[in-house]
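What follows is a set of notes on a single structure, which appears directly below.
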Amino acid sequence: MNEGVVVEGDIQTPRDIRIDGTLVGTVRTDGRLVLGPSSRVSGKVNSPNIDVFGNVEGDIVSTGIVVLRAKSNVKGTISAATMVVEVGGVFNGECSMVVSAKGIGRPETAEKK
């Protein structure tokens with residue numbers, strides 16, 4: 001998803017994905033997720049491996065590693081097996097480190113009627 005693109009809704013993919021635009025909703029991938037420097041996500045994020053360069057307000061769930069890069073800004077709850085915050089990265093919220101991937105669940109999405 002390119003810079004300047006705004007998506008309101010949910011994204012689900014079995015592959016790697018990079019978001020450089022704005023997402024209001026949920027993103028789930030079985031691959032790697034990269035949230036670029038111009039990204040703004042308001043919602044839930046779920047991926048085995050997540051690199052955050054931009055802004056997230058919401059829940060992040062990962063069975064692997066979450067890396068908050070130097071200029072990232074995250075406000076919410078993070079559940080991950082491993083988390084790294086680079087110098088300059090900002091994280092305000094709660095973090096739950098899980099030893100086993102069995103203890104991590106995917107964020108729930110509201111059922112559409």
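Quick note: residue numbers are just sequence positions, from 1.
At a threshold of 4.5 Å between non-hydrogen side-chain atoms, the residues Val52 and Val45 do not count as touching. Within the 4.5 Å cutoff, the side chain of Arg40 has no heavy atoms near those of the Ser42 side chain. Inter-residue side-chain proximity for Asp59 and Asn46 is flagged as unmet; no heavy-atom pair is nearer than 4.5 Å. No side-chain heavy atom of Ser38 sits less than 4.5 Å from a side-chain heavy atom of Thr22.
Under the 4.5 Å side-chain heavy-atom criterion for grouping Ile, Leu, Val, Met, Phe, Trp and Tyr, Val24 is not connected to Val41 through any hydrophobic cluster. The hydrophobic clustering, which links ILVMFWY residues whose side-chain heavy atoms are closer than 4.5 Å, places Val74 and Val84 apart. Transitive grouping of hydrophobic side chains (ILVMFWY, heavy atoms separated by less than 4.5 Å) brings Met97 and Val85 into a common cluster. In the hydrophobic cluster analysis, where Ile, Leu, Val, Met, Phe, Trp and Tyr join through side-chain heavy atoms closer than 4.5 angstrom, Met83 is grouped apart from Phe53. Under the 4.5 Å side-chain contact rule for hydrophobic residues, Val56 and Val34 do not share a cluster.
Heavy-atom minimum distance, Phe91 versus Cys95: CE2-CB, 4.0 Å. Between Ser39 and Ile19, the shortest heavy-atom contact is CB-O, 3.3 Å. Contact record, Gly36 with Asp20: CA-OD1, 3.2 Å, taken as the closest heavy-atom pair.
Between atom CD1 of residue Ile65 and atom CG of residue Asp51 there is a gap of 8.0 Å, rounded to the nearest 0.5 Å. Separating the CZ atom in Arg28 from the CD1 atom in Ile17 is a distance of 13.5 Å, to the nearest 0.5 Å. Here the straight-line distance linking atom NZ of Lys44 with atom CD1 of Ile60 works out to 13.0 Å at 0.5 Å rounding. Atom CD1 in Ile50 sits 12.0 Å away from atom OG in Ser72 (nearest 0.5 Å). Atom CG of Asn73 and atom CG of Asn55 lie 5.0 Å apart (nearest 0.5 Å).
Judged purely by atom type and a 3.5 angstrom limit, Thr29 uses its side chain to pair as donor or acceptor with the backbone of Thr13. At least one donor-acceptor pair under 3.5 Å links the side chain of Ser47 to the backbone N or O of Gly31. For Glu86 (side chain) and Arg69 (main-chain N/O), no donor-acceptor pair under 3.5 Å exists by modelled atom type. Of the possible polar contacts, one joining the Ser62 side chain to the Pro48 backbone as a donor-acceptor pair under 3.5 Å is found.
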